Amino acid sequence: MLAVSAAVAQVQEPVDLLLESREQLEPSATETALDGSGLRPRDGAATIRRLGPDRYEEAVPLSRFRAFPGPLLMTTASFTEDVFFPLSSRVDVIEASLDLDFANSIALLPERSVLWTSLNGPVFGQIRLRPETWSNFVRIDMPERRLLPGFNQIGFNVAQHYTDNCEDYGAPELWTEIDTAESAVRVIYDQVDLSLLPVTLADLPDLFSTAIGGSQSLQIMTVGDLGDAEIRWGSKIARAAGLMLGFVVPEITYARARQAPRSVITAALAEDYRFPGLDQSAMVNRDSALVGTRSQLESFMRPDLLAQITGPYIGIHPLDANATEFVLVISGRDAAEVDTAADVLMYMDFPMTDQPFTVIQDFQPPVEPIAAGTINVARSSVYQFSDLGFSSTTIQGMATQEMFLEVIMPPDMFAPEDVEVVLLLNLAFGAGLRDDSVLNILVNDQYYDTISLNVVEGAVFREFRLPIPLRRFRPGLNRIAFESIMVPLRTGECLLQQDRNLQLSLFENSELHMPDAAEFAVQPDLSLFIQSAFPHFNPLYGTDASLLVTGNDPATAVAAWTFAAKLAQVTRVPMSDLQVGLTVPTDDRHVMVVGPAAEVPEGFRAAAPVAIGDALEVPYPSLRRVERDVNRWQDTPLARTFLDFFGIVEADLPRVGPVVETGRLTQRNPLGDNGLMMSFRAEAGSTRTVTLITARDPALLRERVRQIVEPAYWFQSDGDLVVWNDRVNTVGYQEVAERYYIGSLTLGDRLTYITGTRPVTTIVLLLGGIVLFAVLFWYLLQRRAGRRQPHG
């Protein structure tokens with residue numbers, strides 16, 4: 001039985017629109033009351049609730065499965081768009097439905113306007129679009145037999161009309177809009193007993209994933225106290241978890257591995273359990289990563305499993321106490337082999353190991369960082385689109401469609417204003433397009449240029465040159481969108497319209513040419529850090545940083561591991577050269593510090609631009625602002641004489657004001673419940689950068705780090721000092737630290753930088769040079785005139 005529920009906004013009492021199976025579907029439907037049952041997303045975020053020991057209900061908004069947030073707008077008389085959602089293999093689907101929160105135009109004819117949905121091909125639901133019930137919530141049961149592990153395709157198709165004849169195909173009143181934040185895929189499932197699969201390391205990216213039913217939380221377990229080695233191993237495991245999830249920061253927790261009570265360890269358990277000596281009470285209902293040397297794990301693991309650890313070892317096993325969860329074992333015969341195993345875990349992005357465990361024979365990490373599916377472009381280089389992960393794509397029809405090219409720019413690239421990134425496009429489009437058909441170019445969602453598709457016979461462009469100023473790109477990830485708007489040559493209300501000729505192909509052998517540029521960046525700059533982790537990471541050269549964890553308590557360790565997972569997601573690489581530990585680094589690397597305020601090392605306290613400790617002393621702009629005109633230098637007697645001599649009037653002078661002057665106010669307050677992230681110079685005269693994350697105590701630090709790594713907080717960071725607390729709208733930032741520079745510029749680039757960033761200084765220097773030249777020239781003329789006079 002196929003059921004569809006609809007809540008209509010225009011009526012006082014909600015109604016339920018019950019549609020029978022497709023075989024029994026009639027033009028009209030019976031209306032009954034809607035009970036409102038079932039889980040729904042909250043504020044555009046996925047929600048999950050437990051229905052039984054191993055049964056869950058999960059609702060994931062459609063916005064999670066689309067490239068861009070916002071509604072799905074379906075225009076024209078016919079429209080189609082596909083959305084793909086992942087389903088983990090660790091679930092057994094009991095029930096599934098598609099929740100649609102949508103609105104449609106009140107100008108539509110209900111007899112001819114229909115929204116239908118498909119799942120992996122076949123149609124599974126139809127909804128008549130009625131003008132009198134234009135705002136709807138619809139729940140459509142999905143046939144669970146069609147759901148497959150991996151990605152599933154939901155097709156959204158609409159036919160909408162406002163008249164029976166002489167219709168304009170692209171009339172503005174032809175629209176239906178789906179709210180993707182409130183619409184969701186809803187699944188009720190049982191967790192699968194992993195011992196029945198059986199689970200292998202090749203399954204790990206599916207088990208621990210953002211797929212429906214997948215896990216996004218990981219408990220790291222060590223043996224004994226948290227020392228330098230354990231902190232380092234936990235950081236690597238957290239980074240591996242972050243890379244597996246891609247963009248969702250994993251929920252990292254910690255537990256110390258403890259011996260199971262002797263009264264519990266029976267002969268049967270010792271024989272059947274994989275971990276008979278491990279107290280598993282803290283491991284139920286969560287996936288765990290158990291890390292340590294073979295001797296440390298000896299009392300926990302079954303002898304035959306322990307015997308497998310003959311080198312750097314990675315194994316995955318179902319949890320004995322609850323086989324729906326897994327235990328990931330990272331081990332080796334000594335600490336160095338455990339490090340190697342943890343390093344390999346960070347690079348395991350290919351499902352080659354179809355076995356429960358592996359022993360690494362040899363591992364050599366790449367010399368340069370390699371991000372999965374992307375390339376970090378370099379200066380003065382040429383790349384085909386295929387090198388950047390783009391495949392030849394054809395788009396068809398009147399509906400606006402987009403193709404994307406992702407480019408990761410170096411964070412420290414500086415060039416003059418007129419320097420350009422050049423695209424050489426190989427593309428083709430069909431015949432019979434109207435002359436207002438275009439291909440729009442957008443850079444980071446901002447319109448840049450248009451290619452006109454105004455050749456009636458169609459055309460093939462080879463190496464079509466499209467220059468884009470380098471300043472339109474930002475450090476780190478950039479997205480170039482190619483947006484098609486194609487209109488048929490013959491249009492009109494009473495003309496037959498067809499759009500099969502509306503075809504446009506962009507080929508993967510198109511090229512991107514990077515300009516020559518200097519390596520130069522102003523520091524400190526947290527906006528640059530949150531986009532690319534610079535200067536602690538450079539996408540062309542790798543990691544140049546240490547992560548200092550100021551305490552070995554579990555809360556501080558979890559905060560540092562969560563932060564490390566976020567860094568891996570920002571850089572898209574394991575950052576294998578990152579040095580992690582409890583000791584203040586002594587080399588010249590950049591330093592990231594995570595720890596409570598009272599435990600920040602004294603050297604970093606002294607270098608910080610604000611006082612750190614029981615009280616926080618922060619200078620910040622006051623609310624009073626005084627404006628003054630700063631171009632009155634011409635009122636000085638020397639300037640006046642100079643201007644009169646050359647006949648320059650004031651109207652010809654460049655104006656660089658007015659400038660807003662801001663008062664400075666310094667207050668000394670307790671840090672309170674705020675988190676603090678700050679970036680500053682490590683010591684006077686140095687180019688080492690310190691990035692510090694701190695809070696009042698370890699427990700609060702753990703919570704504040706979990707918040708700051710979420711997109712709502714992370715992308716509000718700017719300046720060099722950021723504070724935040726429980727409320728997203730309280731994120732604030734300031735610039736309080738001394739500016740300094742990393743990198744070097746040629747003389748010409750340095751002059752360009754000065755003229756672009758210091759116009760007043762530039763004008764003063766130019767005028768001073770002119771005055772000096774004029775005085776010198778006048779002096780030389782006087783000397784020459786004196787030589788020509790006859791001697792008396």
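No experiment lies behind these values; they were computed from the predicted model shown.
- In terms of heavy atoms, Leu87 sits closest to Ile212 at CD1-O, 3.7 Å.
- No side-chain heavy atom of Asp412 sits under 4.5 Å from any side-chain heavy atom of Leu528.
- In this structure, CZ on Phe529 lies 5.0 Å from CH2 on Trp714, to the nearest 0.5 angstrom.
- When ring centroids are compared, Phe79 and Phe156 stay outside the 6.0 Å threshold.
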Problem set entry | Stepwise side-chain contact (heavy atoms from CB on, under 4.5 Å) check, Met514 with Arg379 | CA-CA 6 Å; Met514 290 293 295; Arg379 305 161 179 85; 5.8 Å; no
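- The shortest heavy-atom contact between Leu243 and Met346 is CD1-O, 3.7 Å.
- Between Arg186 and Asp99 there is no salt bridge, since no side-chain nitrogen of the basic residue lies less than 4.0 Å from a carboxylate oxygen of the acidic one.
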For this session: May I have the step-by-step check of side-chain contact (heavy atoms from CB on, under 4.5 Å) for Leu466 and Leu425, ending in yes or no?
Result: CA-CA 7 Å; Leu466 180 68; Leu425 303 179; 4.3 Å; yes
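- Counting heavy atoms from C-beta outward, Ile485 and Asn440 have side chains that approach closer than 4.5 Å.
- When side chains are defined from C-beta on, Leu108 does not count as touching His161, because their heavy atoms never get closer than 4.5 Å.
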Problem set entry | Trace of the side-chain contact (heavy atoms from CB on, under 4.5 Å) decision for His513 with Leu424 | CA-CA 8 Å; His513 291 242; Leu424 298 182; 3.3 Å; yes
Exercise. Can Leu204 and Leu345 be said to form a side-chain contact (heavy atoms from CB on, under 4.5 Å), step by step?
Worked result: CA-CA 10 Å; Leu204 185 58; Leu345 181 67; 4.1 Å; yes
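- Residues Pro250 and Gln216 fail the side-chain proximity criterion, which asks for heavy atoms closer than 4.5 Å.
- Of the candidates Thr117, Val114, Ile140, Ile140 is the only one forming a side chain to side chain contact (heavy atoms under 4.5 Å, CB included) with Ile127.
- Using a 4.5 Å heavy-atom threshold, the side chains of Met486 and Leu453 count as touching.
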For this session: Evaluate the ring pair (Phe, Tyr, Trp, His ring centres under 6.0 Å) criterion for residues Phe461 and Phe429: first the C-alpha distance (whole Å), next the side-chain angles of each, then the deciding distance (0.1 Å), finally the verdict.
Result: CA-CA 9 Å; Phe461 290 164; Phe429 58 91; 5.7 Å; yes
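- A donor-acceptor contact under 3.5 angstrom links the side chains of Thr200 and Asp354, judged on distance only.
- By the 4.5 Å heavy-atom criterion applied to side chains, Val570 and Gln531 are not counted as neighbours.
- Looking at Asn152, its side chain does come within 3.5 Å of a backbone N or O of Gly150 through a donor-acceptor pair.
- Using a cut-off of 4.0 Å between Lys/Arg side-chain N and Asp/Glu carboxylate O, Arg128 and Glu111 are scored as not salt-bridged.
- Side-chain N or O atoms of Glu58 include one that pairs as donor or acceptor with a backbone N or O of Gly213 at under 3.5 Å.
- Closest of all the heavy-atom pairs between Phe124 and Asp141 is CD1-O, 3.6 Å.
- Among all heavy-atom pairs drawn from Gly70 and Thr180, the shortest one is O-OG1, 2.7 Å.
- Looking only at distances, a side-chain donor or acceptor of Ser105 sits under 3.5 Å from a matching main-chain atom of Glu173.
- Under the 3.5 Å distance criterion, with hydrogens and angles disregarded, no donor-acceptor pair is assigned to the side chains of Ser209 and Asp206.
- Looking at Gln384 and Asn509, their side chains never bring a donor and an acceptor atom within 3.5 Å of each other.
- In this structure, Phe102 has its ring center at least 6.0 angstrom away from the ring center of Phe137.
- Counting only heavy atoms from C-beta outward, the side chains of Arg146 and Pro122 approach each other to under 4.5 Å.
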For this session: Take Tyr383 and Ser386 through the side chain to side chain donor-acceptor pair (under 3.5 Å) test and state the conclusion after the steps.
Result: CA-CA 8 Å; Tyr383 301 89; Ser386 57; over 6 Å; no
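- Formation of a donor-acceptor pair under 3.5 Å by the Asn136 side chain with backbone atoms of Val138 is not found in this model.
- Ala171 and Tyr162 get closest at one heavy-atom pair: CB-CE2, 3.4 Å.
- Taking both residues in full, the closest heavy atoms of Phe534 and Pro411 are given as CD1-CG, 3.4 Å, listed atom of the first, atom of the second, then distance.
- Taking 4.5 Å as the limit, every side-chain heavy atom of Leu504 sits out of range of all side-chain heavy atoms of Phe482.
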